[in-house]
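Notes follow the structure.
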Amino acid sequence: MTTTDWFIDIALLLIVLRQMREERLTTRTILLPLGMITWAAGNYLTNIPTAGNDVLLAVIFAATGVVFGLAGGLLTRVRHAGGHVLIKASRGAAALWIISMGFRLGFAVWSTHASGAAHLTSFSAAHNITSGQAWAVALLLMAVGEVVVRLGTIIIRGQLLKTRVDRNANKPAHRPGAYV
């Protein structure tokens, strides 16, 4: 792993930890993690292996990221106050993010050591995974799936909440005993 890899991983962790403090859902809140994951995808998805079970590995890891992202998005608190949508990562949402980021980071570190590389090579050969690039693609697609689905879930929940609040604000006040 390069210094840049470490920086991106740590920055992605800090984004969610920062969201444990309630903040407004803004364009910056959305674009910062999307920009980071886009940068990583642009740098690491240059060669996508398709031989053997490489695609299946990528699909399984991406699907896992989607599940983590959906769960994290649903566990994030979304409320409306002062005309704004506010979000706050719950402990559960932060824990899911830390677990998934920790898994990817730990896997990357483990796979660069002799013992990890030997186990990974043996597993890959036994399961028809053709290269180390297949693992890099799978791990990155897991992160992409998690980030995109988590943000998408939060955005959708925020928009639904804002629509409901706006609709209720436009309803006439109910006056007991009044004829309509």
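The residues of the chain are indexed from 1 along the displayed sequence.
- There is a path of hydrophobic side-chain contacts, each under 4.5 Å, that joins Leu151 to Trp39.
- Between Phe123 and Trp135, the two ring planes are tilted [angle within 30° to 60°].
- Proximity of Lys88 to Arg79: side-chain heavy atoms (C-beta onward) are nowhere separated by under 4.5 Å.
- For the atom pair CD1 (Ile87) and CE (Met20), the distance works out to 13.0 Å, reported to the nearest 0.5 Å.
- A continuous path of Ile, Leu, Val, Met, Phe, Trp and Tyr side chains, each step under 4.5 Å between heavy atoms, connects Leu32 with Leu34, placing both in one hydrophobic cluster.
- Remark: Arg164 pairs with no residue by the side chain to side chain donor-acceptor pair (under 3.5 Å) rule, at least two apart or across chains.
- Counting all heavy atoms, side chain and backbone alike, Thr46 lies closest to Asn43 at CG2-O, 3.9 Å.
- The shortest non-hydrogen separation linking Pro49 to Ser131 is CG-OG, 3.7 Å.
- Linking ILVMFWY residues whenever their side-chain heavy atoms come closer than 4.5 Å, directly or via other members, leaves Val55 and Ile129 in distinct clusters.
- For the atom pair CZ (Arg104) and CZ (Phe61), the distance works out to 10.0 Å, reported to the nearest 0.5 Å.
- You'll find the side chain of Ile30 reaches within 4.5 Å of the side chain of Leu25, heavy atoms only.
- A single hydrophobic cluster is not seen to contain both Ile154 and Leu86; linkage of ILVMFWY side chains at heavy-atom distances under 4.5 Å, directly or through other members, places them apart.
- In terms of heavy-atom proximity, Gly72 sits nearest to Ala93 at O-CB, 3.6 Å.
- Neither Met142 nor Leu105 shares a network with the other; the hydrophobic side chains, linked directly or stepwise wherever heavy atoms of I, L, V, M, F, W or Y lie under 4.5 Å apart, form separate groups for each.
- Here the side chains of Leu139 and Phe103 are in contact, with some heavy-atom distance below 4.5 Å.
- Side-chain contact between Ser115 and His113: absent, with no pair of heavy atoms (C-beta onward) separated by less than 4.5 Å.
- Residues Asn128 and Gly52 come closest through the heavy atom pair ND2-CA, 3.3 Å.
- Through direct or relayed side-chain contacts under 4.5 Å between Ile, Leu, Val, Met, Phe, Trp and Tyr, Leu160 connects to Ile156.
- Here His119 pairs with nothing under the ring-ring contact (aromatic ring centres under 6.0 Å, His included) rule; sequence neighbours left out.
- By the 4.5 Å heavy-atom criterion applied to side chains, Leu45 and Leu141 are counted as neighbours.
- By the side chain to side chain donor-acceptor pair (under 3.5 Å) test, Glu23 pairs with Arg18, sequence neighbours left out.
- Here Ile99 sits in one hydrophobic cluster together with Phe68, Leu75, Leu96; the rule is ILVMFWY side chains under 4.5 Å apart, joined directly or through other members.
- Contact check for Thr76 versus Arg150: side-chain heavy atoms found under the 4.5 Å cut-off.
- In the model, Ser124 has no side-chain atom that pairs as donor or acceptor with a side-chain atom of Thr121 under 3.5 Å.
- A pairwise comparison of heavy atoms in Arg77 and Ser90 identifies NH1-CA, 3.9 Å as the closest pair.
- Between atom CG of residue Asn53 and atom OG1 of residue Thr130 there is a gap of 9.0 Å, rounded to the nearest 0.5 Å.
- Val149 belongs to a hydrophobic cluster whose other members, connected by ILVMFWY side-chain contacts under 4.5 Å either directly or through intermediates, are Val66, Leu70, Leu74.
- Side-chain contact between Val147 and Trp97 is present, with at least one heavy-atom pair separated by less than 4.5 Å.
- The shortest non-hydrogen separation linking Ala41 to Leu140 is CA-CD2, 3.5 Å.
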